[in-house]
2 protein chains.
Amino acid sequence: MEMINAIEALGALAQETRLETFRTLVRAHSPNAEEAGLAAGGLAAQLGVAAPTLSFHLKELTRAGLVSARRDGRSIIYTANLGGMRALADYLLEDCCQGACAPSLEETET
Amino acid sequence: MEMINAIEALGALAQETRLETFRTLVRAHSPNAEEAGLAAGGLAAQLGVAAPTLSFHLKELTRAGLVSARRDGRSIIYTANLGGMRALADYLLEDCCQGACAPSLEETET
DNA sequence: ATAACATTTCTATAATTATCTAAATATGGA
DNA sequence: TCCATATTTAGATAATTATAGAAATGTTAT
């Protein structure tokens, strides 16, 4: 991952509505792609934001590679892109921190 | 880590000058605290930004818990707070992704 | 005490972002 | 075809952020 992509992903997540959106989509995640994700309208209702506002944020998350969209009838279903999040975490730990970040407690307790 | 802290850290890193600042400080990191870090002036010169601009960004990074400062004579030495970065990465992987992110290739290659 | 240095705070400004209402686009069904 | 539904795009506005020059603060040496 390049720095410019990392900045886009970081910026996408650095906003309450968008971070909540991503977390909500993670909860709605499923290994089989068919049933994973949530429709834009359902998301907006669940998060309590106006449809155009959520649309703006979803575009931001999409641009950053953190969510994907597919059409299903009249709805557009958004899904969390877990690989994008993993790539960001890897960038922070490996490239940015150069592997020098001490591992978290959970990982050393075995 | 709480969501609000994660948002601050994400926002702090989602800006080119600040991300470069953090990366530069990681390179200047040392296990013994005495010799770790860089002075604000040296950083500003290295990054090619005006002193007040860097000061603004350093405050932002400090507020987010990603850098620490100590005075040494007339200089103020900034150091990367690797624990803060680790806490952010953990938040993204554990809390936000709920551990569902596939591990990166490097980690599965053993 | 004064001067030189290092950094921050103040002030102003330009640029970006988040939000809403209204209008446009796309889909599915009667 | 016409209508209702789902979502996005356009346009306007308020709020936030990044930046730099000028002034203020704190430190060291003479």
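Lettering of chains follows the sequences in order, A, B, ..., and the numbering in each one begins at 1.
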Throw together a table of side-chain donor-acceptor distances under 3.5 angstrom for residues 75-85 of chain B, partners on residues two or more places apart or in other chains.
from: B/Asn81; atom 1: OD1; to: B/Gly83; atom 2: N; distance (Å): 3.4
from: B/Asn81; atom 1: OD1; to: B/Gly84; atom 2: N; distance (Å): 3.4
from: B/Asn81; atom 1: ND2; to: B/Gly65; atom 2: O; distance (Å): 3.1

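Pairs engaging residues 66-79 of chain B under the salt bridge (charged side-chain N to carboxylate O under 4.0 Å, His left out) rule: none recorded [sequence neighbours left out]. Sorted by first and then second residue, the side-chain hydrogen bond (donor to acceptor under 3.5 Å, both in side chains) pairs with a member in residues 39-57 of chain A read A/Arg18-A/His57; sequence neighbours excluded. Note on residues 43-57 of chain A: no pairs pass salt bridge (charged side-chain N to carboxylate O under 4.0 Å, His left out), not counting sequence neighbours. Sorted by first and then second residue, the side-chain hydrogen bond (donor to acceptor under 3.5 Å, both in side chains) pairs involving residues 28-45 of chain A (not counting sequence neighbours) are A/Ser30-A/Asn32, A/Ser30-A/Glu35.
Atoms CD1 (B/Ile7) and P (C/dA18) sit 11 Å apart, rounded to a whole Å. For the pair B/Arg70 CZ and D/dG26 C1', the interatomic distance rounds to 18 Å; values are reported in whole Å. Rounded to whole angstrom, the span from the NZ atom of A/Lys59 across to the P atom of C/dT19 amounts to 15 Å. C/dT9 atom P lies 11 Å from atom CG of B/Leu58, rounded to whole Å. Spacing between atom CD of A/Glu8 and atom P of C/dT17 amounts to 10 Å, rounded to whole angstrom units.
Taking only side-chain nitrogens and oxygens, B/Tyr78 comes nearer than 4.0 Å to OP1 or OP2 of C/dT8.
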Sort me out a list of protein N/O and nucleotides 2-6 of chain D N/O pairs below 3.5 Å, or just none if empty.
from: D/dT5; atom 1: O4'; to: A/Arg74; atom 2: NH1; distance (Å): 2.9

Output one letter per nucleotide in nucleotides 10-24 of chain D: B when a protein non-hydrogen atom lies under 4.0 Å from the base, S when only the sugar-phosphate is that close, - when neither is.
--------BBBBB--

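In terms of heavy-atom proximity, A/Tyr91 sits nearest to A/Met1 at CD1-O, 3.6 Å.
For the disulfide (SG to SG under 2.5 Å) test, residues two or more places apart in sequence or in another chain that qualify with B/Cys97 are B/Cys101. Here A/Arg63 pairs with A/Glu8, A/Glu60 under the salt bridge (Lys or Arg N to Asp or Glu O under 4.0 Å) rule; sequence neighbours left out.
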